[in-house]
2 protein chains.
Amino acid sequence: MERRRRVPNPLALAVLAWLMWEPMHPYELGRRLKQTGQDKLIRYTRSSLYMVIEQLARAGFVAAQETVRDTARPERTVYAITDEGRHEVLDWLRSLLAQPRQEHPHFAVALSLLSLLPPDEAVEVLRRRSAALAGRIEETRTTIDEARADGVGWIFLVEEQYALALLEAERRFVTELIESLKQPDYAKSWQETMGGRA
Amino acid sequence: MERRRRVPNPLALAVLAWLMWEPMHPYELGRRLKQTGQDKLIRYTRSSLYMVIEQLARAGFVAAQETVRDTARPERTVYAITDEGRHEVLDWLRSLLAQPRQEHPHFAVALSLLSLLPPDEAVEVLRRRSAALAGRIEETRTTIDEARADGVGWIFLVEEQYALALLEAERRFVTELIESLKQPDYAKSWQETMGGRA
DNA sequence: TCCTGGATAGTCAGTCCTGACTAAGGAGTG
DNA sequence: CACTCCTTAGTCAGGACTGACTATCCAGGA
């Protein structure tokens, strides 16, 4: 089985990957993450970026290289990846790709509690979701098309392509679900079992 | 926009939902979560269950009802949901269903770094993923069929149905991706750009 | 009878993470 | 020139979360 990573935060993976290219200071890393859209793939704040880099340094995956103060700005510490860090990225990456792990989408939890809502209300909120999903799908398609037009190689767009595939699958699912909820026998059985709640 | 929840942990939602039925002590809640498979939808440990209930109590969504010691076991505190808590579950549930939020699958991050691996290795790890996904799909189908055979209503299986839809979409995506990676021009362009790395 | 392992039930130290803050430079605007 | 807002860059207190631990009961085997 997969042994626990010393710095399990996915942000750490992205940081290590960027440091494979060249040493950088934390803020610069944040900028790269934003420019490449990876900030949308990973949930983090600027402070957690500093925290994670500290953890990586303690784990020996990166090392503080120098503290510079070129402008009158606060001094910046430049970090470089170590050999151990290089090994960690590749090992981690392989394991993430090879083994699907149990993901925990918030929506799944909400679905498991769907029976708490009256059928007509359930239909209504899911219609709103469906519309929002359509918007996201459109956005993602645009992002991909624009990047392709700018000459970005398809390999750097796989994660968008993946997001698109999931969004489309979810939209199909929600559409079917709405149809099921609209069946009159569902409304009836809901009344019978859930009629008496607060 | 969505205001931040006072106890944003998704475990809190499930806890509140169960307490809608009847008052319970934390360990019992854990048992129900496991029995209904919700433990696979939410990442948590037993200690976080106690922590979250404490937070809910501080937020006024639940209230300690009594501390019983029927067996010679450690004493158990029974919690009941409050009116504020009842409101919170429904409000939260509606918002989770209506608004797709940016989910952060680990796999997406890994995909965005796929170019770090040599093409043949990428193909190999993704083949392993594809096989694992096939297994998961099979398992999920079995779970659904068995529950249906036991007379469980479809509404209590929607989350499994959703998981299945996502797994199938992911498998299609991975299959196509493997084909793209096998194209000789990808191997060539990878050599050119990534040939010189550690 | 003793021993082991598993289920029941909960606690806690220490690490992680977030939200809110500090501070300085530059760009635009009247 | 004064004012405001955005970007750059980083810190920090305090709350949240995890892994490891404690302790009891019961069933079954040797």
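Per chain, numbering begins at 1; letters A, B, ... match sequence-line order.
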Q. What residues, two or more places apart in sequence or in another chain, satisfy salt bridge (charged side-chain N to carboxylate O under 4.0 Å, His left out) together with A:R136?
A. none
**Q.** Electrostatic pair A:D91:A:R5 at N-O distance under 4.0 angstrom
**A.** yes
Q) Can you tell me how far P of D:dT8 sits from CZ of A:R32, to the nearest Å? A) 13 Å
**Q.** Integer-rounded Å distance: C:dA9 P and B:I53 CD1
**A.** 13 Å
Q: List in chain and number order the residues that pass side-chain hydrogen bond (donor to acceptor under 3.5 Å, both in side chains) with B:E124, two or more places apart in sequence or in another chain; answer none if no residue qualifies.
A: B:R128
Q: Treat primed atoms plus P, OP1 and OP2 as sugar-phosphate and everything else as base, then score nucleotides 13-21 of chain C 5' to 3': B for base contact with protein heavy atoms under 4.0 Å, S for sugar-phosphate contact only, - for none.
A: ---SSBBB-
Q. Which whole-number value in Å describes the distance from B:H25 NE2 to C:dA9 P?
A. 5 Å
Q. Rounded to the Å, how far apart are A:R5 CZ and D:dT18 P?
A. 19 Å
Q: Give the rounded distance in Å between these two atoms: OH of B:Y50 and P of D:dG19.
A: 17 Å
Q. Tell me: CG of B:L11 to P of D:dC17, nearest whole Å?
A. 9 Å
Q.
Does any part of the side chain of B:L96, heavy atoms only, come nearer than 4.5 Å to the side chain of B:R101, both counted from C-beta?
A. yes
Q) Looking at CG of A:L181 and CD of A:E121, how far apart are the two atoms once the value is rounded to the nearest 0.5 Å? A) 12.0 Å
Q.
Could you tell me if B:R129 sits above the aromatic ring of B:F107, with its cationic atom closer than 6.0 Å to the ring centre and no more than 45 degrees from the axis?
A. yes
**Q.** Protein-nucleotide distance (B:E54, atom CD; D:dG14, atom P), rounded to Å
**A.** 18 Å
Q.
Whole angstroms only, please: what is the CZ-C1' distance between A:R76 and D:dT7?
A. 14 Å
